[in-house]
Amino acid sequence: MEIPKTYDPKITEDKWYAHWLKNKFFKSIPDERKPYTIVIPPPNVTGVLHMGHMLNNTIQDVLVRMKRMQGYNACWVPGTDHASIATEAKVVALLKEKGINKTDLSREDFLKHAWEWKEKYGGIILKQLEKLGASCDWDRTRFTMEDDLSAAVIDVFIDLHNKGQIYRGVRMVNWDPEGLTAVSDEEVIHKEVNSKLFYVKYKIDGTADEWITIATTRPETILGDTAICVHPDDERYKHLKDKRVIIPMVNRSVPIIFDTYIDLEFGTGALKVTPAHDINDYNLGVKHNLEVIDTIAANGKMSEAAQFYIGEDRFTVRKKIVKDLEDMGQIVKVEDIKNKVGYSERTNAVIEPRLSMQWFLKMDTISKPALENVLNGEIKLIPEKFVNTYKHWMENVHDWCISRQLWWGQQIPAWYDNKSNTVVCRTKEEAFEKLKLKNSVIKIEDIKQDEDVLDTWFSSWLWPISVFDGFKNPKGKDINYYYPTNDLVTGPDILFFWIARMIIAGYEYRGVKPFSNVYLTGIVRDKQGRKMSKQLGNSPDPIELIEKYGADGVRVGMLLCAPAGNDLLFDESTCEQGRNFSNKIWNAFRLINGWETDVNAKQLDANKIAIQWFDTKFNEQLESINDLYSKYRMSEALMASYKLVWDDFCAWYLEMIKPEFVDGKSLPIDKETYDATIVFFEKILKVLHPFMPFITEELWHLIKERNEKDCIIVAEWPKIKIENKVILNHFEAVMEVVSNIRNIRKQKNISPKEKLQLFEKVNQGDVIKTYDSIIIKLCNLSSFDYVHQKVNGAISFVLKHAEFYVPLSQNIDLEAELERLTKDLNYNKGFLKSVQSKLANEKFVSNAKPEMVENERKKLADAESKIKAIEEQLAGLK
RNA sequence: GGGAGCUUAGCUCAGCUGGUUCAGAGCAUCUGCCUUACAAGCAGAGGGUCACUGGUUCGAACCCAGUAGUUCCCA
């Protein structure tokens, strides 16, 4: 069979994915093995795969595959999130294209459209994950708005309400005028923008021409002012005690209040107070019992209460009112400043602080265990630096606004009668029974359910419990077996949104953590360091990348540039490197596959040694790879595997055992060496499998006849053998000889085909001839002999233990040799000097650890003998 | 405004308990090779004041203080 020179992912990926599915290798059911569990951070149901998903799902798959091979019952639960505000926004936009306004639809009709949309686009992202090779147990796929999960959300709401943890009240919330809903503090993104600071003068009430000047960035809110506030210690305004001022345009008289909240330095030291449209002003209003005039409606346009500009947008009004005030002569000056403005995470609209009736979850007590157990290490955040951020947030946590003025989501199970009685329960019938106790004449038709839905995170915070039916069936087999889960892999941007809240819910509802380790990936940025986003159009399409480089190539590329916890600057070239690596492995297979074996051939000494060496090397590297995995240093584990394969296996081992080529044909290889090589190849495929599932599965089946079930995905992870590592040290010396001779070839322009002679003069230690055959082969030598005297007319080099001579057919360049040896001599003399001065330092000798001093003495001796050898050679040349 | 982190080769990053001439890896670059598995390859080479300034120490990329730049979080 002709095997192509390059690896083609297209013919393997779909084939093996289907094969794995068919054989149910991803499927997990509780058994006697230890579980290893990951729940996927559920992507937005209508979303498409982006680079961030690529990164964290690759990491999850690597972990799951490795644990599966290590004998754990590995279970990776996939699913999607209903993402209320984002999805609703998309549905609204889609309807608008069709000429339908949301406001013209009933709740039921709208939800019908939304479900249609979900059915149509809901599966895309999960299908894309399959392309990546994700080994999720697809039979367990969940959706945060499916019946069981919604029921859990409602139960939790009712339970927390009964416990007194949920309350309803009028509070200042972050209002998204685009999405027409409240959003939580976490959903507001503060950005620094260039603004103008307007200095506006207000007339003191009862005076002819006495004024006070305030500074504001939001003049459109002037119409809602109900006070002016100054600092009690401010000399400039002491005389204004008990005075009132006139609000421009509306001509309302409002008090001047005094409060230490005021920053004397900012603006004029006088603040206009608009309790309806600023959180700080609101707090001042509460404290000083001020009137609240809500001048901006839910859609960001001026309300009736504003009296002017009614129905016009707040930003249009900002310009207009400035002009009008200018005409009235009340603008004193305008300054450019930078300030922070809050934007909605979902719609990017400027957030309007707004008073409204919302539901809140008290966070102070419920969050305690979640803080404690991260601080004491029961739950590990990786990298650790996030513990600080987490701690800070948890210690300053605010009550969580959980109601959203949307339809797509779980409707709040609160019921009202016509006399403002409220009950919280599952059904209207229950509500009727309960309300009857408060209002005996009530009719069931008079009962109305709260219009709002719950924040999406109020369902996803239950995810690790609800995907195992932990609410429906708290003593169930699944929840008992899989919970707490092991690792959670996600981005730090949702540390508070999601991770913290899952931990809270875990302790509240299971009394146990939801997961043991949280691996926080970096954020994927482009080469210029910008976050990849749709708006910027700087994100490559992951599916296109997979087509170009293969899923294995992209997985490797992704991880190569992903140091734990740091943002990663993604560059397509690392995917190319990944693809090249696939090809390297492919060709290693082609080489081995092309060998003929000879059962009668005697095993060469060189091969025997090579096998011993690689066996030891493999174990050493495996140990290190296992260790890196345990520390979640994924990119380093990958790099160690990469070097093990490329350098140790391909560049050294295969070169050492490669049969000689005679008359255009490779000689047969002895059976023993061949078999050992196959075993090694299987081992390295196993180590690579978590990173590169497709090519390793393909080669696993090409290297040996296997039955359908014998797949690498379920093969056993290699075990560590204890080996004598002395051979590794010996090999260091062998490699040094080899690289010196290659260097000579390069410098002297000698073809690798030309055979050379090599002589060794041993200076110290025993003569070890074990490796001679290897050196002969790797250096293409005609002979390798030991001598007692230096060889004249030869190029030489000096290693720690010996001197080497390579006679050349061409004349040696005396000048060049002198220069080279002198350079080497100087280097060693410098080294010697530094060691000598260290040893001459009495404080070093008396304070440093004895091993340290001993080591220095040894270095001294080595350097001295080496210098002696070089000097002799130099003398010989002259 | 408050807090946390980062700064090591052209790029992306390792460097653990201060100790080997400790300054490293991968990529990129340069040079030479279509050598018989792989040019998506092989062989070789160059490249850094470890941000800066002080301090502690026999010894500092590493510990401490300050400065600058930068990123993130919170308000």
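Basis for what follows: all heavy atoms, side chains included, without hydrogens, waters or symmetry-related copies. Quick note on labels: first sequence line is chain A, next is B, and so on, each numbered from 1.
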Whole-Å distance separating the [atom1] atom of [X] from the [atom2] atom of [N]:
X      : N     : atom1 : atom2 : answer
A/N826 : B/U21 : CG    : P     : 18 Å
A/K631 : B/C16 : NZ    : C1'   : 7 Å
A/I657 : B/A37 : CD1   : P     : 13 Å
A/L495 : B/G5  : CG    : C1'   : 14 Å
A/F589 : B/A40 : CZ    : P     : 21 Å
A/W586 : B/A39 : CH2   : P     : 15 Å
A/F570 : B/C11 : CZ    : C1'   : 15 Å
A/K859 : B/G19 : NZ    : P     : 12 Å

Worksheet item: Between A/K843 and A/Y7, which is nearer to the 5' end of RNA chain B once each is assigned its nearest nucleotide?
Response: A/Y7
Discussion item. Quick check: on RNA chain B, is the nucleotide nearest A/N587 upstream (toward 5') of the one nearest A/M639, or the reverse? Name the residue that is more 5'.
Written reply: A/M639
Practice prompt. Answer with base, sugar-phosphate or nothing: what part of the nucleic acid does A/N847 contact at a heavy-atom distance below 4.0 Å?
Written response: base
Item to complete: Remember a base hit wins even if backbone is also touched, and classify A/E655 as base, sugar-phosphate or nothing at under 4.0 Å, heavy atoms.
Response: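 It contacts base atoms.
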Item to complete: Test side chain to side chain contact (heavy atoms under 4.5 Å, CB included) on A/R745 and A/L756 and set out the steps.
Response: CA-CA 9 Å; A/R745 281 187 192 274; A/L756 296 172; 3.7 Å; yes
Under 4.0 angstrom between [X] side-chain N/O and [N] OP1 or OP2:
X      : N     : answer
A/R633 : B/G15 : yes
A/Y642 : B/C27 : yes
A/K5   : B/A39 : yes
A/K643 : B/A25 : no
A/W646 : B/C42 : yes
A/N743 : B/A45 : yes
A/K385 : B/G5  : no

Distance between the [atom1] atoms of [N] and [M], in whole angstroms?
N     : M     : atom1 : value
B/A43 : B/A37 : P     : 14 Å
B/A75 : B/U29 : C1'   : 48 Å
B/G47 : B/C42 : P     : 24 Å
B/G19 : B/A60 : C1'   : 10 Å
B/G48 : B/C13 : C1'   : 14 Å
B/G15 : B/A9  : C1'   : 14 Å
B/A25 : B/G46 : P     : 12 Å
B/U57 : B/C64 : C1'   : 12 Å

Item to complete: Give, ordered by number, those residues of residues 572-585 of chain A having at least one heavy-atom distance below 4.0 Å to an atom of RNA chain B; if nothing qualifies, reply none.
Response: A/Q577, A/R579, A/N580, A/N583, A/K584
Discussion item. Angle between ring planes, A/W498 versus A/W457, binned at 30° and 60°: parallel, tilted or perpendicular?
Written reply: tilted
Discussion item. For the aromatic rings, using the six-membered ring if either is Trp, is the centroid distance between A/Y390 and A/F386 under 6.0 Å?
Written reply: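 Ring centroids of A/Y390 and A/F386 are no less than 6.0 Å from each other.
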Discussion item. Please tell me whether A/Y642 and A/F581 form a close aromatic pair, meaning their ring centres lie under 6.0 Å apart.
Written reply: yes
Got a donor-acceptor contact below 3.5 angstrom from the [X] side chain to the [Y] backbone?
X      : Y      : answer
A/N828 : A/I867 : no
A/D598 : A/P668 : no
A/N740 : A/E736 : yes
A/N587 : A/K5   : yes

Discussion item. Check this for me: does the side-chain of A/K746 come within 3.5 Å of the base of B/U31 through a donor and an acceptor?
Written reply: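 Checked by distance alone, the answer is yes.
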Discussion item. Ignoring hydrogens and geometry beyond distance, is the side chain of A/Q747 in donor-acceptor contact with the base of B/A45 at under 3.5 Å?
Written reply: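 Checked by distance alone, the answer is no.
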Discussion item. Taking side-chain contact (heavy atoms from CB on, under 4.5 Å) as the criterion, tell me which of A/L559, A/I625, A/L628, A/L688 meets it with A/L638.
Written reply: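 When A/L559, A/I625, A/L628, A/L688 are each tested with A/L638, the side-chain contact (heavy atoms from CB on, under 4.5 Å) holds only for A/L559.
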Item to complete: Test side chain to side chain contact (heavy atoms under 4.5 Å, CB included) on A/M558 and A/F570 and set out the steps.
Response: CA-CA 8 Å; A/M558 216 60 241; A/F570 180 77; 4.0 Å; yes
Fill in: Among A/W652, A/F649, A/Y674, A/Y653, the one residue meeting ring-ring contact (aromatic ring centres under 6.0 Å, His included) with A/F680
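So the option named by the test is A/Y653.
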Worksheet entry | Heavy atoms from other residues, nucleotides or ligands near NZ of A/K725 exceed 12 (cutoff 6.0 Å) | yes
Item to complete: Might you work through the side chain to side chain contact (heavy atoms under 4.5 Å, CB included) test for A/I585 and A/M692, ending with a clear yes or no?
Response: CA-CA 11 Å; A/I585 304 160; A/M692 312 176 85; 3.8 Å; yes
Is there any protein nitrogen or oxygen under 3.5 Å from a nitrogen or oxygen in nucleotides 71-75 of chain B, and what are the pairs?
| unit_1 | atom_1 | unit_2 | atom_2 | d |
| --- | --- | --- | --- | --- |
| B/A75 | N6 | A/K340 | NZ | 2.8 |

Worksheet item: Counting side-chain heavy atoms from CB outward, which of B/C58, B/A37, B/U21 is closest to A/K658?
Response: B/A37
Discussion item. Quick check: closest heavy atoms across A/L832 and A/A863, and the distance to 0.1 Å?
Written reply: CD1-CB, 3.9 Å
Discussion item. Expected output check: what is the dot-bracket annotation of RNA chain B, where ( ) and [ ] are pairs inside the strand (brackets for crossing ones), | is paired with another strand, and pairs are Watson-Crick or G-U under 3.5 Å?
Written reply: (((((((..((((.....[....)))).(((((.......))))).....(((((..]....)))))))))))).
